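Have a look at the structure below, then the notes.
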Amino acid sequence: RWFGDQYQSLNSVSLRHIDEFFASKRREGWSVSTVASNSQTLRSFFSYAALRGWCAPGIALGIQSPKNRRSDNRPKGPKWTEVRRLIASASGSSPSDLRAKAILLLFAVYGLRSSEVAQLRFSDFDWYGETFTVHRAKRGGIQQFPIQYEVGEAIIRYLQHGRPRSATDYVFVTVPVPHGRIRPGPMHQLVSTRMSALGIRPEQLGPHSLRHA
């Protein structure tokens, strides 16, 4: 689309145009990592385009990915001591605290994504075999994990004393009525709000930051 807005046909494209394209995107705010990933995509495209005769050969070989040098070495996630402090902040007996502690432990211990925790159903837990199944969000498929003791205890406490009656078979439900399945957005807010209240400020807030802890 960028090339078509300025030039006539793809068979006139050159490496100079590739450089112009990336320069314009950097001015628009693309990061070095975004440029690097799109460089790889363009190499694949121009390799195919050359085979089809849409452009001159050799363009793909000339597309170089920039080196992704970080300006600092700050970790994206909080320190583990901060994670334990975050989990301890949900040690109360209210329904919201019981739910928060179980969710925070699933994020911290297993590095699960918000959507993966939100999709957990009763049938995913084998309490006799002490395992549970996760439907992976990014690449699909399923994965089975052992139920770590602290996580299992937190989930059972939530089910027995914190989860309101609900017709849904999703494990985690909203506190306000109607008690339906909790969505990834409120989960992000749950983690971010508690982090901010404790003064925990990693590079990224929310559940994903716990994957880096």
Side-chain angles (χ1 to χ4, degrees), residues 1-80 82-83 86 103-104 106-108 110-120 134-143 181-196 199-213:
R1 287 195 299 269
W2 177 89
F3 189 79
D5 288 342
Q6 304 178 66
Y7 303 98
Q8 294 298 314
S9 62
L10 194 62
N11 59 19
S12 64
V13 72
S14 68
L15 284 171
R16 176 178 62 83
H17 298 124
I18 306 294
D19 290 339
E20 288 178 7
F21 168 72
F22 281 126
S24 71
K25 293 303 179 183
R26 289 303 300 271
R27 288 193 295 272
E28 291 176 14
W30 275 19
S31 66
V32 174
S33 60
T34 301
V35 173
S37 65
N38 279 271
S39 297
Q40 183 176 350
T41 302
L42 285 183
R43 280 197 296 273
S44 299
F45 170 74
F46 280 106
S47 294
Y48 178 74
L51 290 174
R52 297 299 300 268
W54 297 344
C55 65
I59 292 178
L61 295 175
I63 301 175
Q64 302 296 318
S65 296
K67 294 189 181 299
N68 189 4
R69 295 188 179 92
R70 293 190 178 276
S71 57
D72 56 52
N73 294 317
R74 289 180 301 167
K76 290 183 179 180
K79 297 176 182 177
W80 190 248
E82 293 176 322
V83 175
L86 178 65
I103 289 174
L104 288 169
L106 284 166
F107 287 143
Y110 299 97
L112 301 181
R113 295 177 173 85
S114 297
S115 59
E116 293 166 346
V117 174
Q119 289 175 8
L120 288 173
V134 174
H135 298 265
R136 302 310 308 216
K138 196 165 185 179
R139 293 183 177 84
I142 60 173
Q143 216 169 349
R181 166 193 170 192
I182 186 172
R183 300 289 176 174
M187 284 196 183
H188 187 281
Q189 186 177 10
L190 180 155
V191 179
S192 299
T193 301
R194 287 176 178 270
M195 278 186 169
S196 298
I200 300 171
R201 294 181 176 84
E203 185 178 325
Q204 296 179 350
L205 284 173
H208 195 78
S209 70
L210 298 179
R211 290 173 59 82
H212 296 281

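The structure displayed is predicted, hence computed values, not measured ones.
Under the 30°/60° scheme for interplanar angles, the aromatic rings of Phe21 and Trp2 are found to stand perpendicular.
Residues Pro207 and His188 form a side-chain contact, since some pair of their non-hydrogen atoms from C-beta on lies under 4.5 Å apart. For the pair Met195 and Arg201, the minimum side-chain heavy-atom distance is 4.5 Å or more. In this structure, Leu104 and Met187 have side chains that are not in contact, with every pair of non-hydrogen atoms separated by 4.5 Å or more. In this structure, the side chains of Leu205 and Val191 stay at 4.5 Å or more apart for every pair of heavy atoms. Looking only at side-chain heavy atoms (C-beta outward), Ser65 and Val35 stay at 4.5 Å or farther from each other. Side-chain contact between Trp54 and Ser9 is absent, with no heavy-atom pair separated by less than 4.5 Å.
Rounding to the nearest 0.5 angstrom, the gap separating the OG atom in Ser209 from the CD atom in Glu82 is 10.0 Å. In this structure, CZ in Phe46 is found 5.5 Å from CG in Leu10, a value given to the nearest 0.5 Å. To the nearest 0.5 Å, atom CG of residue Leu61 and atom CG of residue Leu15 are 9.5 Å apart. Ile103 CD1 to Arg194 CZ: the interatomic distance, rounded to the nearest 0.5 Å, is 9.5 Å. Rounding to the nearest 0.5 Å places CZ of Arg26 at 9.0 Å from OG1 of Thr34.
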Go through the steps for Gln189 and Ser192 under the test side chain to side chain contact (heavy atoms under 4.5 Å, CB included), then give the verdict. CA-CA 5 Å; Gln189 186 177 10; Ser192 299; 5.8 Å; no

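Without hydrogens or angle criteria, Arg211 side chain to Gly111 main chain gives a donor-acceptor distance under 3.5 Å.
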